[in-house]
Structure formats: C-alpha cells, structure tokens
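Here's the structure we're looking at; comments come further down.
Just the heavy atoms: all of them, side chains too, but no hydrogens, waters or symmetry mates, feed the values below. These numbers were taken from a predicted model, which means no experiment stands behind them.
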Amino acid sequence: MTCFWYVQDVDYEATMATKLSIAKKVFMQEKDLILNSSSFHNFFSENEDWLKPYAAFCFLRDFFETSDHSQWGCFSNYSKDKLEKLVSKDALHYDTICFHYYIQFHLHLQLSEAAEYARAKGVVLKGDLPIGVDRNSVDTWVYPTLFRMNTSTGAPPDYFANNGQNWGFPTYNWEEMSKDNYGWWRARLTQMGKYFTAYRIDHILGFFRIWELPDHAMTGLIGKFRPSIPLSQEELEREGIWDFDRLTRPYVRKEFLQVGESHLLVSHEEY
C-alpha cells in the first residue's frame with residue numbers, strides 16, 4: 001500500500017510572528033527572574049561583543065521596518081557611541097533590547113543542551129558555515145569595511161545556469177580582514193565551536209577564489225574571478241606556451257562541425 005502525504009505551504013512570516021508574540025508574553029512574565037540570574041549574567045558577559053550590536057540591529061530593523069541599514073538615517077553609520085545609547089538601561093525601548101538578549105540566551109541554552117546530549121550519546125553535531133553574509137545584516141552594519149559592499153557574489157555561466165548565478169551577498173575584503181589576523185572569522189568559528197564538533201564550510205573554494213559581480217548586476221554574466229592574477233605573454237613563453245592564436249581564437253569552426261556531423265551520420269548508418 002502506498003501512502004501519499006500532502007503538505008500545504010507554510011506561511012513562515014505568520015508563523016514567526018505568532019511565535020514571537022508568545023515569546024514576548026512569556027518574557028514580560030519572567031524577565032526580572034531571567035535577566036537577574038547568574039546564568040544570564042555569565043552568558044551576557046561572554047557574548048556582549050556581538051549580543052549588544054545584534055539587539056540594537058533588531059530594534060532598528062523593526063523600528064524602521066527594513067533591514068536595509070542604509071535607510072536608517074543617522075543610525076546607518078554604526079559607532080560604539082550610538083550603540084551604547086541604543087542599549088542604555090535608561091532608553092525607553094530598553095525592554096525591547098532585553099527581549100532580544102532573552103531570545104538569544106534561551107537559544108544558547110537549548111542548543112547547548114542538545115549538543116551536550118548528543119556528545120553523551122556519541123553523536124557528532126556538524127554545523128553549517130555559509131560562505132557569505134546578507135548585505136543587510138548586523139555584520140555589514142557593524143563592520144562595513146570588512147566587506148566589498150559595491151559587489152555581489154555568484155557563479156559564472158555553466159551547464160546548470162546559462163546566465164550564471166547571482167547570490168546577492170557582498171564579497172569579503174580579505175586585505176582589511178588580515179589587519180587584525182582575521183578576528184571576525186576567528187570569533188565566528190569560536191562561537192560555532194561552543195556547539196559543534198565539525199563544520200561544513202559551504203562553497204569552500206570561495207575562501208581562495210570567488211566569482212565577483214558589480215552590485216547592480218542581475219545575473220552572473222558580467223562577473224570576474226577574484227583574485228585573478230593575469231599572466232603576461234612573456235611569462236607564458238618562458239613556460240613553453242607559444243601558440244597564442246590557437247589558445248585565444250575560435251578553433252572549432254563551423255566547417256569542422258559539419259565534417260564531424262557527416263562522419264557521425266555515416267558511422268551510425270554502418271552500425
């Protein structure tokens with residue numbers, strides 16, 4: 001007997017709104033208990049470098065009704081002074097800031113518990129590490145110089161996509177990242193290491209070479225590899241490469257294809 005399961009489309013936005021509505025009601029009931037607990041204070045002190053900017057980002061995203069931080073007026077340009085004012089205990093919206101702390105705290109507790117249970121059972125958890133970040137993210141708001149914001153990442157045309165691919169997120173400014181020994185990456189991996197034993201690095205080739213597009217591109221057609229180091233004709237000649245017309249001009253010409261087609265037709269009939 002064959003069983004068929006029909007699953008209706010899920011309205012993720014409505015689902016998230018409902019969950020957050022419930023979470024806010026629970027938060028209002030237990031916020032004093034949780035926020036004054038030693039476990040929360042430990043979590044906050046260990047994570048405030050990213051937690052405070054994240055909470056401020058979420059507040060501004062909801063206040064301006066967009067995650068595009070270029071539309072946030074004077075808050076478009078991040079600074080530590082602005083951040084401290086946003087997360088100040090004297091701010092009228094401090095409860096909203098604390099709600100985002102509260103959510104991250106519980107996510108930490110739940111994931112930690114799951115990870116510890118898995119380890120106890122001999123199960124290895126492997127975390128997924130995407131190669132890129134959204135251009136409208138807390139990372140690009142706080143660390144804009146670490147990203148080439150006038151670019152987009154994708155893939156060149158191939159068998160699967162004639163127009164290539166445009167993934168939409170900015171490429172990394174590796175030169176800037178190197179100035180503090182890749183602190184942003186080290187912090188990211190350290191955070192994941194709290195929960196996962198192994199990582200799956202999505203599109204690992206992107207750490208060495210990636211298809212970069214101008215930010216106005218719609219498809220992946222007008223990109224180029226970065227980094228891409230050109231070779232001069234003299235360098236190629238030193239390596240014994242000399243037939244440049246053969247390498248740079250069309251070689252499989254129309255008459256060759258016609259001859260090949262006739263040969264295949266004859267071969268097929270003989271077979």
* **Flag side-chain contact, heavy atom, 4.5 Å: Y143 against E176** => no

* **Side chain proximity check, F63 to T96, heavy atoms < 4.5 angstrom** => no

* Shortest non-hydrogen contact between N136 and D134, atoms and distance -> N-OD1, 2.7 Å

* Salt-bridged, R119 to E116, with N to O below 4.0 Å? -> no

* Side-chain heavy atoms under 4.5 angstrom apart, residues restricted to Ile, Leu, Val, Met, Phe, Trp, Tyr: same cluster for F59 and M16? -> yes

* To do: Go through the steps to decide whether L60 and K82 satisfy the test side chain to side chain contact (heavy atoms under 4.5 Å, CB included), and finish with yes or no.
  => CA-CA 12 Å; L60 291 171; K82 292 176 184 177; over 6 Å; no

* **Contact summary for S37 and I34, nearest pair of heavy atoms** => OG-O, 2.6 Å

* Asked: If you take all heavy atoms of I103 and A23, which pair is closest and at what distance?
  -> CD1-CB, 3.9 Å

* Compute both the distance and the angle, then confirm whether K24 meets the cation-pi test with F99: under 6.0 Å from the six-membered ring centre, within 45 degrees of the axis. => yes

* Kindly indicate whether the side chain of T145, heavy atoms from C-beta on, has any atom under 4.5 Å from the side chain of K179. => no

* To do: Would you kindly confirm whether V133 and F207 end up in one hydrophobic cluster when ILVMFWY residues are joined by side chain heavy atoms under 4.5 Å apart?
  => yes

* Side-chain touch F147/W184, heavy atoms, less than 4.5 angstrom -> yes

* Asked: Are any non-hydrogen side-chain atoms of L129 and R188 less than 4.5 angstrom apart?
  -> yes

* What distance do D158 atom CG and N163 atom CG have between them, rounded to the nearest 0.5 Å? -> 10.5 Å

* Structure fact -> What one should report as the nearest heavy-atom pair of K85 and A91 is O-CB, 4.1 Å

* Hey, what do you get for CD (Q191) to NE2 (H108), rounding to the nearest 0.5 Å? -> 8.5 Å

* Is a donor on one side and an acceptor on the other found under 3.5 Å between the side chain of T140 and the backbone of R135? -> yes

* To do: Kindly give the heavy-atom pair with the smallest separation between N47 and F43, and that separation in Å.
  => ND2-O, 2.7 Å

* Asked: Mind checking whether W174 and W185 have parallel, tilted or perpendicular rings, split at 30° and 60°?
  -> parallel

* Does a side chain donor of either Q71 or T66 reach within less than 3.5 Å of an acceptor in the other side chain? -> no

* Asked: Can W72 and Y78 be said to form a ring-ring contact (aromatic ring centres under 6.0 Å, His included), step by step?
  -> CA-CA 10 Å; W72 291 355; Y78 171 88; over 10 Å; no

* To do: Compare every heavy atom of T171 with every heavy atom of S152, then report the nearest pair and how far apart it is.
  => O-CG2, 4.2 Å

* Asked: Can you check whether N166 reaches T219 side chain to side chain, under 4.5 Å on heavy atoms?
  -> no

* Apply the test side chain to side chain contact (heavy atoms under 4.5 Å, CB included) to residues I131 and F169: give CA-CA distance (whole Å), side-chain angles for both, the deciding distance (0.1 Å), then the verdict. => CA-CA 10 Å; I131 181 59; F169 50 77; 3.9 Å; yes

* To do: If the plane angle is over 60° it's perpendicular, under 30° parallel, otherwise tilted; pick one for Y101 and F44.
  => perpendicular

* Asked: Do D95 and M28 touch side chain to side chain, with heavy atoms closer than 4.5 Å?
  -> yes

* Starting at CD1 of I210, measure out to CZ of F225 and round the result to the nearest 0.5 Å. => 10.0 Å

* Structure fact -> Interatomic distance, CG@L20 vs CZ@F27, rounded to 0.5 Å, equals 12.5 Å

* To do: State, yes or no, whether a side-chain contact exists between H216 and I222 at a heavy-atom distance under 4.5 Å.
  => yes

* Verdict with reasoning, Y195 to L125, per side chain to side chain contact (heavy atoms under 4.5 Å, CB included) -> CA-CA 8 Å; Y195 312 106; L125 293 185; 6.0 Å; no

* More than 12 non-hydrogen atoms from neighbouring residues, nucleotides or ligands closer than 6.0 Å to CD on E235, yes or no? -> yes

* Asked: Within a radius of less than 6.0 Å around OH of Y117, do more than 12 heavy atoms belonging to other residues, nucleotides or ligands occur?
  -> no

* Asked: Is there a donor in the side chain of Y102 and an acceptor in the side chain of E30, or the other way round, less than 3.5 Å apart?
  -> yes

* To do: Assess whether side chain to side chain contact (heavy atoms under 4.5 Å, CB included) is satisfied between R61 and V138, documenting all intermediate values.
  => CA-CA 10 Å; R61 175 200 63 201; V138 63; over 6 Å; no

* Under 3.5 Å: donor-acceptor pair, side chain of Y54, backbone of Q104 -> no

